[in-house]
Amino acid sequence: MRTGHLLPLFVFNPRKTSGPLTYPRMPPLTGFRDFYPEECAGRNAIFSVWRSVATRYGFVEYDGPPLESLELYQKKSGAEIASQLYNFTDKGERHVALRPELTPTLARMVAERHRDFKKPLKWFAIPQVFRYERPQKGRLREHYQLNCDILGEPSLEADAENIALAIDVLRAFGLTSDDFVIRLSDRQFWVDLLIARNVPQEKWYDFFQAIDKSEREPEEKTREKLGPLADEVLGILANGAESARLDAVERSLTVRGFGACYKRDFTIVRGLAYYTGIVWEAFDRTGQFRAICGGGRYDDLLKNLGGVDMPALGFGMGDVVLGELLKARGKAPATAQTLDYFVAIADETVRENAMELVQKLRDAGKRTDFAIAIGTKLGKQLETASARGARHAIVADAKLKSGEAELKDLQTREQRTVPVASLLGVVA
RNA sequence: GCGGCCGUAGCUCAAUGGUAGAGCUCCAGAUUGUGAUUCUGGCUGUUGCGGGUUCGAGCCCCGUCGGUCGCCCCA
């Protein structure tokens, strides 16, 4: 009984699956994703692997708020960071931001209650994080990021443990040392060199920038940026250098059986601000994707952010690049969503008996569905059952009233009459 | 914030400046108790949007929005 004056937006006609476009589409915002069931299953499969491996390494899960004070990030990265994140003023005039990373939150939480926890802490989280920048390949405005951190342990064995976890996460997806490589570097090595060569601290930023870009820029440009240090630095980038810290980490990885998974590479400096020791990134061997994951030691961050002097390190792994890589290598986790039973109602006079059976199956833990629409043709119901990935169809007919049903194997198409009782537990 | 490329049906794509189409998907029927194939029918567009040129624009021009790739930046 439509009166005709309703806006098209509010008219719902279930018989029409598609119709004239009567109002503008509302796609998700730039850089944000919808997760339809298939994508959601894929995302959850990734989460499941992440959780499984992290807990296997003795890490425990935590989380923080998705919204934090803007100051928390500015304190760590400078005021200009605001231009790169989602920030706004809330109704209480507070300057807030959607979290661009979890590490400041972690530092805040640990500083707040560090006395409550035995050291070292091995914590992981799977936050959705946000950044305000133009989307590009492997980089959106939101993504989910596995974060694994070890706090309160200064030894290099902690660095190795963290990197080993990252390697094992990648292995758990079916990737091998043929697919990826950890590029290991030592930020402290560069700092030592800068001090030894009397480079003033205000020039360090440009120095790290030059190293970071040396792969993507012509050598002449890098030389120009490095000035008098050019020969020495380019030699180190090309041929490596001595580092007792890297020796220790590499030894630990090798005895764990990961000798083929890493290479020493001093071009990795990981951003600019807070890393203090070992830093590393994982890349796919073909180089067609940006970094899969990366991390390092940040021993000063907790002191600077929360006033608690505690060594710390960690890594982050996003779902976007990882998902692209797994898809390209045919290693995307299987996401088939199936049913144990689909109850097809062949005879509407037994619908109530069929619903009783559906409920019993569900109570018994069986994934069970049925055709809600009354009077759906049996053929259509079986088609649905098959499309939904059900292993068996149960054809509910008059025999159901005497405790029997037709059980049909949807793969073999074989069908037999069975007592209903046998469906509740015995038959899988 | 800057630049390259691309925007046609839900999806993948056609259409010399001259009446906007196909395949797939979806829904239904052939088939009122049996799903893979097959056949038939149905739904579907302000050609992203707004201007301009032209007798006439999906096509050419300008702008804008969106997508994508890169730059900047990288947590």
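Each chain gets a letter, A, B and so on, in the order the sequences are listed, and its residues count up from 1.
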To the nearest Å, how far apart are [X] [atom1] and [N] [atom2]?
X: A:Tyr275; N: B:rC74; atom1: OH; atom2: C1'; answer: 11 Å
X: A:Ile81; N: B:rC72; atom1: CD1; atom2: C1'; answer: 13 Å
X: A:Gln381; N: B:rU31; atom1: CD; atom2: P; answer: 19 Å
X: A:Leu29; N: B:rC65; atom1: CG; atom2: P; answer: 15 Å
X: A:Met317; N: B:rC74; atom1: CE; atom2: P; answer: 22 Å
X: A:Arg216; N: B:rC71; atom1: CZ; atom2: P; answer: 7 Å
X: A:Leu378; N: B:rG33; atom1: CG; atom2: P; answer: 7 Å
X: A:Phe342; N: B:rG35; atom1: CZ; atom2: P; answer: 15 Å

Pairwise [atom1] distance for [N] and [M], with rounding to whole Å:
N: B:rC24; M: B:rG33; atom1: P; result: 30 Å
N: B:rG56; M: B:rG18; atom1: C1'; result: 7 Å
N: B:rU46; M: B:rG35; atom1: P; result: 38 Å
N: B:rG66; M: B:rU19; atom1: C1'; result: 30 Å
N: B:rC69; M: B:rG63; atom1: P; result: 24 Å
N: B:rG21; M: B:rA14; atom1: C1'; result: 7 Å
N: B:rC13; M: B:rG52; atom1: C1'; result: 29 Å
N: B:rG3; M: B:rC62; atom1: P; result: 14 Å

Non-neighbouring partners of [X] that pass ring-ring contact (aromatic ring centres under 6.0 Å, His included), sequence neighbours left out:
X: A:Phe117; result: A:Trp123
X: A:Phe189; result: A:Phe266
X: A:Phe207; result: A:Trp190
X: A:Tyr73; result: none

Using distance only, find each side-chain donor-acceptor pair of residues 60-68 of chain A under 3.5 Å and give its atom names and separation, not counting sequence neighbours.
from	atom 1	to	atom 2	distance (Å)
A:Glu61	OE1	A:Arg51	NE	2.8
A:Glu61	OE2	A:Arg51	NE	3.3
A:Glu61	OE2	A:Arg51	NH2	3.0
A:Asp63	OD1	A:Arg99	NH1	3.2
A:Glu68	OE1	A:Arg108	NE	3.4
A:Glu68	OE2	A:Thr105	OG1	2.7
A:Glu68	OE2	A:Arg108	NE	3.3
A:Glu68	OE2	A:Arg108	NH2	2.9

Here the residues of residues 99-106 of chain A within 4.0 Å heavy-atom distance, strictly under, of RNA chain B are A:Pro100, A:Glu101

With distance as the sole criterion, do the side chain of A:Arg134 and the base of B:rC72 form a donor-acceptor contact below 3.5 Å? no

Donor-acceptor pair present, A:Arg139 side chain and B:rC73 base, under 3.5 Å: yes

Sort by first number and list every stem of RNA chain B: at least 3 consecutive Watson-Crick or G-U wobble pairs, both distances under 3.5 Å. B:1-7 with B:65-71, B:10-13 with B:21-24, B:26-30 with B:38-42, B:48-52 with B:60-64

Just jot down the side-chain hydrogen bond (donor to acceptor under 3.5 Å, both in side chains) partners of A:Thr267, sequence neighbours excluded, or say none. A:Arg183, A:Asp265

Tell me, please, which residues at least two apart from A:Glu356 pass side-chain hydrogen bond (donor to acceptor under 3.5 Å, both in side chains).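 Once residues adjacent in sequence are excluded, A:Glu356 has no partner under the side-chain hydrogen bond (donor to acceptor under 3.5 Å, both in side chains) criterion.
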
N/O (side chain, A:Gln136) to phosphate O (OP1/OP2, B:rC73) under 4.0 Å: no

Between the protein and nucleotides 36-40 of chain B, which nitrogen or oxygen pairs are less than 3.5 angstrom apart?
from	atom 1	to	atom 2	distance (Å)
B:rA36	N7	A:Arg413	NH1	2.7

Would you mind classifying the nucleic acid contact of [X] as base, sugar-phosphate or nothing, using non-hydrogen atoms under 4.0 angstrom?
X: A:Asp347; answer: nothing
X: A:Lys408; answer: base
X: A:Thr30; answer: sugar-phosphate
X: A:Val395; answer: base

Closer to the 5' end of RNA chain B via nearest nucleotide, is it A:Glu406 or A:Lys377?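 In this pair, the answer is A:Lys377.
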
Between A:Lys399 and A:Lys380, just flag the one whose closest nucleotide in RNA chain B comes earlier from the 5' side.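 It is A:Lys380, whose closest nucleotide lies nearer the 5' terminus.
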
With sequence neighbours excluded, tell me which residues meet side-chain contact (heavy atoms from CB on, under 4.5 Å) with A:Ser69.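 A:Ser69 satisfies side-chain contact (heavy atoms from CB on, under 4.5 Å) with A:Glu71, A:Leu72 only.
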
Against the six-membered ring of A:Phe35, is A:Arg43 placed for a cation-pi contact (under 6.0 Å from the centre, within 45° of the normal)? yes

Against the six-membered ring of A:Phe370, is A:Arg351 placed for a cation-pi contact (under 6.0 Å from the centre, within 45° of the normal)?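 No, A:Arg351 does not sit over the ring of A:Phe370.
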
Is the A:Tyr341 ring parallel, tilted or perpendicular to the A:His392 ring (thresholds 30°, 60°)?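 Aromatic pair A:Tyr341/A:His392 classed tilted.
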
Can you list everything that forms a salt bridge (charged side-chain N to carboxylate O under 4.0 Å, His left out) with A:Arg171? Sequence neighbours excluded, please. A:Asp168

Considering non-hydrogen atoms only, spot the tightest contact between A:His143 and A:Arg33 and give its length. CA-NH2, 3.6 Å

